[in-house]
Amino acid sequence: MSNQAAYVLAADFGAGSGRVIRGALDGRRLTLHEVYRFPNEPVQLRDELYWDFLRLFYELKQGIRKGAEGMPGRIKSIAVDTWGVDYGLIDGAGRLRCNPRHYRDARHAKSMNDVLQMVNEQELYAMSGVLPQQINTIFQLYGELQDSGINSKDSTMNPDADTRLLFLPDLFNYYLSGEQACEYTIASTSGLLHSGEVKWNEPLMSRLGLPVSLFPRLVHSGTVLGHLSDDLVRELRTGPMKVVSVGSHDTASALAAIPATESNYAFISCGTWSLMGVERDFPVLSVQALELGFTNEGTVNGKVRTLKNRSGLWLLQECKRQWERENRFYSHEELVRLAVSAGAHQSVVSPGNDVFMSPGDMPKRIRQYCERTFQRVPESVGAIVRCILESLALEFRQTLDELEQITGVRPPVIHMVGGGVHNRLLCQFTANATGVPVIAGPVEASSAGNCLLQYVALGEVGGLSEIRDIVSASFDTEMYTPQDSECWREAYGKYQQFNERKQHQQ
C-alpha cells in the first residue's frame with residue numbers, strides 16, 4: 001500500500017436519502033468527507049409505488065461533479081451501494097423499461113401468495129436461504145412478468161433475449177460504465193440464488209417460469225467493472241475513473257467495516273431499522289431458523305450473514321416528528337437525558353408490532369398499546385423514550401438468544417455500527433440486556449466499507465483483514481460493558497412472558 005493519498009467516491013443510497021462521500025486513504029488512515037446529500041422520495045402513481053430512478057441518477061451525477069471539483073484526475077474510482085431486493089429491467093438497446101417498483105408496492109403481496117402455491121415456504125427457504133417476504137425480488141419479478149403477460153414456458157411471450165435484470169446498484173453501475181453485471185451481496189437478497197452459493201438458481205427459475213436469460217453474470221465484491229463513460233467524463237468535467245462493484249448491498253459494506261478482532265461475534269447495523277446477526281461459512285436452513293424469521297445473505301468475502309431484520313430507531317424518530325408537529329422540539333441529546341431521568345422498566349412494547357409500522361402519532365400508539373396490555377402507561381416524553389429504548393434492547397437480547405438456538409453458539413461480543421451508535425443510552429441498554437459487551441462504531445460503516453473495498457480493487461489494500469485494521473486505526477469505537485445484570489434479567493423474564501401472552505392471544 002502506497003503512502004500517497006488516493007481518493008475514491010462512495011455513493012450510498014438509503015431508502016429516504018442518499019449521499020456521496022469522498023474517501024481519502026493516506027497510509028493506514030481513511031478519512032471520509034460528505035460532498036453531497038439529497039432526498040430519496042418514492043412516487044405514488046395511483047395504486048403503484050415507484051422509485052424515481054431518473055432523479056436519483058441525476059443526483060448521483062451532481063455528487064460525482066462536486067466530489068471531483070478541484071481535483072481533476074485525482075479521483076481513482078466510484079462505487080455504489082443501496083438497500084436490497086429492488087431492481088430495474090433494461091432492454092436490448094440499454095433503455096430502462098420503466099422506473100423500478102418500490103419494495104412496499106402493494107402488488108407484491110399477491111405475487112408472494114402466487115409463488116408459494118408453486119413452491120412452499122420451507123422448500124423455497126431451503127433452495128434460496130432467504131426468508132420468504134413479500135418484498136423479495138423473486139416475488140416482485142414474478143408479479144411484474146405476470147402483469148406483462150410474460151411466461152417463459154410460452155416462447156412467443158418471452159421478453160427480448162437481450163433484456164436484463166439489474167439490481168439498483170448494478171443499474172447505477174450500468175449507466176455509469178455501460179457494463180452489465182450483478183454483484184453477489186445484492187443478488188443474495190433476491191431469493192434467486194442457490195443457497196450460500198454465487199450461482200443463479202436456474203431450477204427454481206424454471207419452476208416459476210422466470211426466463212434465465214434475464215440474469216447477467218455474477219461478480220464478487222471488489223470487481224472493477226469498467227470506467228466512467230466518456231460522455232459522463234465530458235459532462236461532469238472529471239478525469240477518468242474506474243467503476244467498482246463493492247459490497248453493493250449497504251449492509252454488506254457496513255459489515256466489512258466492522259473492526260472485529262475475533263471471528264465469533266454478533267453484529268447490529270442500527271438505523272431506522274436494525275439488522276442483527278452473525279457471519280458464518282454456511283447458511284442456516286433449519287425449520288427453526290425459518291420459523292424464527294432469520295434470512296441468509298452474502299458477505300463481501302463470499303461467506304454468509306445469517307440475520308434477522310429487527311426494529312431500530314423508527315419508533316423514536318416518529319415520536320420526535322409528532323412532538324415537532326405539536327411545536328415541542330427536542331434534540332436527540334435532550335431525549336436521551338429525559339429518558340435517563342425516567343423510571344426504569346415501567347412498560348415495554350413489541351417494537352415490530354404492526355401497529356407501529358406506519359407513520360403517524362407514535363406517542364399515542366405507544367400509550368394505547370401499553371393500556372391495552374395492562375401496563376403502566378408512559379405519559380411523559382422521557383418515559384416514552386425510555387420505554388422505546390428498553391424495548392429495543394430487550395428485542396436484541398431475544399435475537400441473541402435465537403441466534404444461539406439456531407447456531408449452537410452464543411457470540412461473546414456484539415459490534416454495533418450505523419447511526420444508532422450515536423444513541424449511547426441504547427448502546428448501554430443493549431449491553432445490559434444481552435449480558436455481553438457492545439463495541440459501538442464506526443457510525444459511517446457503509447461508506448467506510450464501500451471506500452475500502454474500492455481500495456482493494458485498486459490494489460491499495462490487501463483484503464478484509466487489512467480493511468478492518470484500517471477501520472480500527474481510522475475511527476473511534478466505544479466499549480459498553482453490561483451493568484445492572486439482575487435488574488435486566490428480571491426485565492427480560494417479564495418481556496418473554498409478555499410476548500408469550502401476546503402470541504397466545506394472536
Side-chain angles (χ1 to χ4, degrees), residues 15 41-53 82-90 96-154 156-159 163-168 171 182 186-193 195 200-215 273 290-297 308-309 352-360 506:
E41 299 176 358
V43 178
Q44 187 79 41
L45 191 64
R46 295 183 176 174
D47 60 347
E48 299 170 343
L49 190 62
Y50 293 91
W51 296 109
D52 190 350
F53 180 81
T82 77
W83 63 95
V85 304
D86 291 335
Y87 66 90
L89 295 177
I90 57 173
L96 186 64
R97 288 167 60 107
C98 68
N99 264 318
R101 288 285 185 102
H102 193 291
Y103 58 83
R104 292 189 187 274
D105 187 85
R107 176 182 65 183
H108 307 327
K110 179 182 181 303
S111 304
M112 177 177 175
N113 290 333
D114 290 344
V115 169
L116 293 179
Q117 295 298 313
M118 294 178 280
V119 186
N120 67 46
E121 263 195 356
Q122 191 169 333
E123 186 179 8
L124 189 60
Y125 188 64
M127 293 179 76
S128 69
V130 174
L131 180 72
Q133 295 176 287
Q134 67 184 54
I135 65 174
N136 296 356
T137 313
I138 186 172
F139 305 127
Q140 292 195 44
L141 180 62
Y142 182 84
E144 179 166 0
L145 299 188
Q146 289 297 306
D147 285 356
S148 302
I150 295 171
N151 182 331
S152 71
K153 296 174 182 177
D154 180 353
T156 64
M157 301 182 71
N158 276 340
T163 298
R164 294 291 181 271
L165 176 147
L166 294 172
F167 300 99
L168 279 182
L171 193 61
C182 289
I186 196 75
S188 74
T189 69
S190 68
L192 291 163
L193 297 186
S195 177
W200 293 117
N201 196 324
E202 294 186 8
L204 177 59
M205 295 172 185
S206 177
R207 285 181 64 175
L208 300 180
L210 302 179
V212 174
S213 63
L214 283 174
F215 303 94
W273 302 101
L290 171 62
E291 291 175 346
L292 290 174
F294 283 87
T295 195
N296 299 275
E297 298 171 351
K308 190 170 186 178
N309 193 358
N353 191 284
D354 288 345
V355 300
F356 303 127
M357 293 297 288
S358 59
Q506 292 170 357

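Just so you know, these numbers use all the heavy atoms, side chains as well, and skip hydrogens, waters and symmetry mates.
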Worked verdict on Trp51 versus Trp83 for ring pair (Phe, Tyr, Trp, His ring centres under 6.0 Å):
CA-CA 12 Å; Trp51 296 109; Trp83 63 95; 4.4 Å; yes
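- The distance from atom CG of Leu96 to atom CZ of Phe53, rounded to the nearest 0.5 Å, is 6.5 Å.
- For the atom pair Glu202 CD and Leu193 CG, the distance stands at 11.5 Å (nearest 0.5 Å).
- Asn201 is linked by a side chain to side chain donor-acceptor pair (under 3.5 Å) to nothing, counting only residues two or more places apart in sequence or in another chain.
- Ring-plane geometry between Phe215 and Trp200 is classed as tilted, the angle between the planes lying from 30 to 60 degrees on a 0 to 90 degree scale.
- The stretch residues 104-117 participates, sequence neighbours left out, in these salt bridge (Lys or Arg N to Asp or Glu O under 4.0 Å) pairs: Arg101-Asp105, Arg107-Asp147, Lys110-Asp114.
- Interatomic distance, CG of Leu116 versus CG of Leu124, reported as 6.5 Å (0.5 Å rounding).
- Across all non-hydrogen atoms, the minimal contact from Ala187 to Ser190 is O-OG, 2.6 Å.
- Side-chain contact between Leu171 and Ile90 is present, with heavy atoms from C-beta onward closer than 4.5 Å.
- In this structure, OH on Tyr142 lies 8.5 Å from CG on Leu210, to the nearest 0.5 angstrom.
- A pairwise comparison of heavy atoms in Thr295 and Glu297 identifies CG2-OE2, 3.8 Å as the closest pair.
- Take Gln133 and apply the side chain to side chain contact (heavy atoms under 4.5 Å, CB included) test, not counting sequence neighbours, and it matches Leu131, Ile135, Asn136.
- Put simply, CD on Gln140 and CG on Asp86 are 5.0 Å apart, with the number rounded to the nearest 0.5 Å.
- Here the shortest heavy-atom pairing between Leu208 and Met118 reads CD2-CE, 3.7 Å.
- Here Ser128 contributes atom OG and Asn296 contributes atom CG; the two are 8.5 Å apart, rounded to the nearest 0.5 Å.
- Crowding of Gln44 atom CD: a count of heavy atoms from other residues, nucleotides or ligands under 6.0 Å exceeding 12.
- Side-chain atoms of Asn99 never come within 3.5 Å of backbone atoms of Asp52 as a donor-acceptor pair (strictly under, hydrogens ignored).
- Remark: side-chain polar atoms of Asn120 are paired, donor with acceptor, to backbone N or O of Glu123 under 3.5 angstrom.
- A heavy-atom distance below 4.5 Å is not found between the side chains of Val130 and Ile138.
- Residues Met112 and Pro132 are in side-chain contact: their nearest non-hydrogen atoms beyond the backbone lie under 4.5 Å apart.
- In this structure, Leu89 and Leu214 approach most closely via the heavy-atom pair CD2-CD2, 4.3 Å.
- Nearest heavy atom pair, residue Ala126 against residue Ser195, reads O-CB, 3.8 Å.
- Salt bridge absent: Glu144 and Arg97 never bring a charged side-chain N and a carboxylate O closer than 4.0 Å.
- Here the closest heavy-atom approach between residue Pro100 and residue Gly88 is recorded as CG-CA, 4.3 Å.
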